[in-house]
Amino acid sequence: VDLVCSWEVLEHVQDPAKLFYQINRLLKPGGIAFHEYNPFFAINGGHSWCTLDFLWGHVLLKDREFEKYLARFRPPEMNEALNFYNKSLNRMTMGELERVSAEEGLNTLGLIPWTEKEHLELLTASIFRQAKENYPSITAQDLSSPFVWVVQTKS
């Protein structure tokens, strides 16, 4: 095919390498893939089920802490939220996206994060440090970009 497009799909794919392999397989030489996605690490990256009542809560809590939080504060929706957290949101940084797609034969022509100034202003050194403890490869851009455009071509 000449074009592959996705909107708000990449953050839900549990095996991104397999997805990028299939996109590469489907694209004609010179074909383009375009994705818009809402990364897990963004302030709103927990989506509805995993957005907590404190900034970047879904990133700052370790898995077991997240489960305890749900049990204490949101017991009626705990099972659905945990299922979504564990099975419907990958933890792929922008850097990992570029690396994995390159390993599967896609050349990233553009990775365009839509960084929000207000999110940068809310991102404290303490939040960044705690997030890095849980996810060492994240960047401030991962945390402050509620959506990202990705443009790729077959290598």
Side-chain angles (χ1 to χ4, degrees), residues 3-20 23 32-104 106-153:
L3 179 66
V4 172
C5 296
S6 74
W7 280 267
E8 305 216 11
V9 171
L10 290 183
E11 70 269 25
H12 299 290
V13 174
Q14 291 306 301
D15 189 347
K18 189 181 227 180
L19 171 72
F20 294 132
I23 290 171
I32 297 288
F34 172 84
H35 313 279
E36 179 179 299
Y37 81 107
N38 174 220
F40 173 80
F41 301 108
I43 198 168
N44 62 343
H47 297 55
S48 57
W49 284 113
C50 302
T51 299
L52 307 182
D53 64 350
F54 59 101
L55 299 175
W56 287 282
H58 61 291
V59 177
L60 300 180
L61 296 180
K62 293 183 179 3
D63 293 348
R64 184 70 184 122
E65 294 168 331
F66 185 83
E67 185 174 346
K68 286 180 181 179
Y69 176 94
L70 292 174
R72 180 170 181 193
F73 296 107
R74 293 166 48 186
E77 61 191 60
M78 181 177 166
N79 290 337
E80 290 88 353
L82 270 178
N83 186 53
F84 190 78
Y85 177 81
N86 290 320
K87 297 180 181 174
S88 297
L89 295 171
N90 68 48
R91 311 312 193 251
M92 181 172 53
T93 65
M94 286 182 248
E96 290 163 341
L97 182 149
E98 282 192 282
R99 179 186 55 76
V100 171
S101 59
E103 288 172 357
E104 298 305 327
L106 294 173
N107 180 32
T108 300
L109 300 175
L111 187 85
I112 306 157
W114 293 90
T115 302
E116 298 287 340
K117 181 181 178 209
E118 64 193 52
H119 296 177
L120 281 172
E121 291 168 347
L122 293 169
L123 181 57
T124 65
S126 175
I127 289 171
F128 185 68
R129 187 173 42 258
Q130 190 176 351
K132 287 270 289 179
E133 285 175 18
N134 291 339
Y135 302 98
S137 64
I138 64 165
T139 65
Q141 199 164 44
D142 288 311
L143 291 165
S144 63
S145 303
F147 66 95
V148 178
W149 287 353
V150 183
V151 182
Q152 301 169 312
T153 189

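Each residue takes its place number in the sequence, starting with 1.
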Enquirer: Quick check: closest heavy atoms across Leu122 and Ile127, and the distance to 0.1 Å?
Expert: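 Distance-wise, the nearest heavy atoms are O-CD1, 3.8 Å.
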Enquirer: For Ala102, enumerate each residue passing the side-chain contact (heavy atoms from CB on, under 4.5 Å) test, keeping only those at least two apart in sequence or located in another chain.
Expert: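 In terms of side-chain contact (heavy atoms from CB on, under 4.5 Å), with neighbours along the sequence ignored, Ala102 is linked to no residue.
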Enquirer: Is there a side-chain contact between Leu70 and Pro75, using heavy atoms and a 4.5 Å cut-off?
Expert: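 Leu70 does not reach Pro75 side chain to side chain.
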Enquirer: Provide the full list of salt bridge (Lys or Arg N to Asp or Glu O under 4.0 Å) pairs with a residue in residues 65-74, sequence neighbours left out, each pair given once.
Expert: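 Qualifying pairs: Arg64-Glu67, Arg74-Glu77.
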Enquirer: Which heavy-atom pair separates Gln14 from Leu89 by the least distance, and what is that distance?
Expert: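 Closest approach of Gln14 to Leu89, heavy atoms only: NE2-N, 3.5 Å.
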Enquirer: For Phe66, check ring pair (Phe, Tyr, Trp, His ring centres under 6.0 Å) against everything at least two apart and list the hits.
Expert: Tyr85
Enquirer: Could you tabulate the donor-acceptor pairs under 3.5 Å formed by side-chain atoms of residues 50-62, not counting sequence neighbours?
Expert:
residue : atom : partner : partner atom : Å
Thr51   : OG1  : His47   : O            : 2.2
Asp53   : OD1  : Tyr69   : OH           : 2.6
Trp56   : NE1  : Phe41   : O            : 3.3
Trp56   : NE1  : Leu143  : O            : 3.0
His58   : NE2  : Phe40   : O            : 2.7
His58   : NE2  : Ala42   : O            : 3.2
His58   : NE2  : Gly46   : N            : 3.3
Lys62   : NZ   : Asn134  : OD1          : 2.6

Enquirer: So, taking the atom named OG in Ser144 and the one named CG in Leu123, what distance separates them when rounded to the nearest 0.5 Å?
Expert: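 Rounded to the nearest 0.5 Å, the OG-CG separation comes out at 6.5 Å.
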Enquirer: Using the rule given for side chain to side chain contact (heavy atoms under 4.5 Å, CB included), can you reason through Glu36 versus Trp114, listing the C-alpha separation, both sets of side-chain angles and the distance that settles it, and then say yes or no?
Expert: CA-CA 10 Å; Glu36 179 179 299; Trp114 293 90; over 6 Å; no
Enquirer: Among all residues two or more places apart in sequence or in another chain, which pass the side chain to side chain donor-acceptor pair (under 3.5 Å) test with Glu80?
Expert: none
Enquirer: Using modelled atom types and a 3.5 Å cut-off, is there a donor and acceptor pairing between side-chain atoms of Thr108 and backbone atoms of Gly110?
Expert: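 Checking the backbone N and O of Gly110 against the side chain of Thr108, no donor-acceptor pair under 3.5 Å is found.
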Enquirer: Could you list the residues that satisfy ring pair (Phe, Tyr, Trp, His ring centres under 6.0 Å) with Trp7, not counting sequence neighbours?
Expert: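 Trp7 satisfies ring pair (Phe, Tyr, Trp, His ring centres under 6.0 Å) with Phe34 once adjacent residues are dropped.
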Enquirer: Could you check whether any side-chain heavy atom of Val151 comes within less than 4.5 Å of a side-chain heavy atom of Ile32, counting everything from C-beta outward?
Expert: yes
Enquirer: Hey, could you give me the OG/CG distance between Ser101 and Leu10, rounded to the nearest 0.5 Å?
Expert: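 Reported to 0.5 Å precision, the distance equals 9.5 Å.
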Enquirer: Please name the pair of heavy atoms, one in Val100 and one in Pro16, separated by the smallest distance, quoted to 0.1 Å.
Expert: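 Reported closest heavy-atom pair: CG1-C, 4.1 Å.
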Enquirer: Sequence neighbours excluded, which residues qualify as side chain to side chain donor-acceptor pair (under 3.5 Å) partners of Glu96?
Expert: Thr93, Ser137
Enquirer: Between Pro113 and Met94, what is the shortest heavy-atom contact and its length?
Expert: CB-SD, 3.8 Å
Enquirer: Side chains of Glu104 and Leu106: closer than 4.5 Å at any heavy-atom pair?
Expert: no
Enquirer: Taking side chain to side chain donor-acceptor pair (under 3.5 Å) as the test, write out the residues that go with Asn107, two or more places apart.
Expert: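 Counting only residues at least two positions away or on another chain, Asn107 forms no side chain to side chain donor-acceptor pair (under 3.5 Å).
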Enquirer: Could you give me the CA-CA distance, side-chain angles and deciding distance for Val150 and Tyr37, then say whether side chain to side chain contact (heavy atoms under 4.5 Å, CB included) is met?
Expert: CA-CA 8 Å; Val150 183; Tyr37 81 107; 3.9 Å; yes
Enquirer: Of all heavy-atom pairs between Asn38 and Pro146, which one has the smallest distance, and what is that distance?
Expert: ND2-O, 2.6 Å
Enquirer: Once salt bridge (Lys or Arg N to Asp or Glu O under 4.0 Å) is applied, do any residues pair with Glu103, and if so which ones, sequence neighbours excluded?
Expert: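 In terms of salt bridge (Lys or Arg N to Asp or Glu O under 4.0 Å), with neighbours along the sequence ignored, Glu103 is linked to Arg99.
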Enquirer: Listing request: all salt bridge (Lys or Arg N to Asp or Glu O under 4.0 Å) pairs with a residue in residues 112-125, at least two apart in sequence or in separate chains.
Expert: Lys117-Glu121
Enquirer: What residues form a side chain to side chain donor-acceptor pair (under 3.5 Å) with His35, not counting sequence neighbours?
Expert: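 Testing His35 for side chain to side chain donor-acceptor pair (under 3.5 Å), a comparison that skips the adjacent residues, returns Ser6, Gln152.
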Enquirer: Minimum heavy-atom separation for Phe128 to Thr139, with atom names?
Expert: CE1-C, 3.6 Å
Enquirer: Test: salt bridge (Lys or Arg N to Asp or Glu O under 4.0 Å). Region: residues 130-145. Which pairs qualify, not counting sequence neighbours?
Expert: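 Matches after skipping sequence neighbours: none remain.
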Enquirer: About how many Å separate CZ of Phe147 and CD of Glu8, when rounded to the nearest 0.5 Å?
Expert: 9.0 Å
Enquirer: Atom CD in Gln141, atom CG in Leu111: separation rounded to 0.5 Å?
Expert: 7.5 Å
